[in-house]
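Take a look at the structure set out below.
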Amino acid sequence: MFIFRVIALIALLVVPALASHKVTFYNKCKKHTVRPIYHDVSGKTVHLKALKYNQKTSMTVAEGQHAWRAYGQVGKQCLEPDGTRCTLLECSFENSAFRQCNISRVSGYNLGMKFSFGNKSCKGNYCLSGKCNGDRAFTNPTDGGKSLRQCNAKNVPMSVSFHC
């Protein structure tokens, strides 16, 4: 009986580590220290390390995670917890055959943003100004369908960079 408990405990510890996406955030903005913030549909908010120019930090997002977003906080520009008034990266990994992300400036723009997937067959996207169109970012709730990017690679890592 004891051995089954040990195996079950190991499975609980190993499986989540195997089924996840490493998301690395980079500050490419010389003018500002940027704090990446993650917020998901369950209400979980994570404030990552504040990044000076050329610094990076990372976190893990679970495979199967429903709607989540990340944004770069500069001072108190973005309203917490969901990043209102700021450039957003919005993703959903709930469907293992259809992981998708997009950039949104529907509720505002504060920093340029790029994202990419760690699989060369998957395309990322970027929006480097408050004027990028629906091919680069959602600018209203209905115009950004072309800006959606998907990646069907399991546990694919992501890179997100902030620009100014």
Could you see if [X] belongs to whatever hydrophobic cluster contains [Y]? Use Ile, Leu, Val, Met, Phe, Trp, Tyr and a side-chain cutoff under 4.5 Å.
X      : Y      : value
Val34  : Leu89  : yes
Met113 : Leu111 : yes
Val46  : Trp68  : yes

Going by side-chain contact (heavy atoms from CB on, under 4.5 Å), Thr87 matches just one of Leu128, Ile103, Val106. Which one? Ile103
Using a 3.5 Å cut-off and no angle test, enumerate the donor-acceptor pairs between side-chain atoms of residues 157-164 and protein atoms at least two apart in sequence or in another chain.
from, atom 1, to, atom 2, distance (Å)
Ser161, OG, His163, NE2, 2.7

Should the SG-SG distance of Cys151 and Cys101 be recorded as below 2.5 Å? no
Do Tyr38 and Val23 come close enough that some side-chain heavy atom pair is under 4.5 Å? no
Gln55 versus Asn27, side-chain donor and acceptor atoms under 3.5 Å: no
Can you list the residues that meet the salt bridge (Lys or Arg N to Asp or Glu O under 4.0 Å) rule with Arg69, with sequence neighbours excluded? Glu90
Pairs involving residues 93-108, ordered by first then second residue, that meet salt bridge (Lys or Arg N to Asp or Glu O under 4.0 Å) (sequence neighbours left out): Glu63-Arg99
By side-chain hydrogen bond (donor to acceptor under 3.5 Å, both in side chains), Glu80 pairs with (sequence neighbours left out) His47, Gln73
Among all residues two or more places apart in sequence or in another chain, which pass the side-chain contact (heavy atoms from CB on, under 4.5 Å) test with [X]?
X      : answer
Ser121 : Asn119
Ala67  : Val41
Lys131 : Ser129
Lys120 : none

What's the separation between atom NE2 in His21 and atom CG in Asn155, rounded to the nearest 0.5 Å? 5.5 Å
Working to the nearest 0.5 angstrom, can you tell me the gap between Ile37 CD1 and Cys86 SG? 8.5 Å
[X]: ring pair (Phe, Tyr, Trp, His ring centres under 6.0 Å) partners, not counting sequence neighbours:
X      : result
Tyr26  : none
Phe25  : none
Tyr109 : none

When the side chains of residues 132-139 are checked against the rest of the protein, which donor-acceptor pairs come out under 3.5 Å, sequence neighbours left out?
from, atom 1, to, atom 2, distance (Å)
Asn133, OD1, Asp135, N, 2.8
Arg136, NH1, Asn125, OD1, 2.7
Arg136, NH2, Tyr126, OH, 3.2
Thr139, OG1, Asp143, OD1, 3.3
Thr139, OG1, Asp143, OD2, 2.1

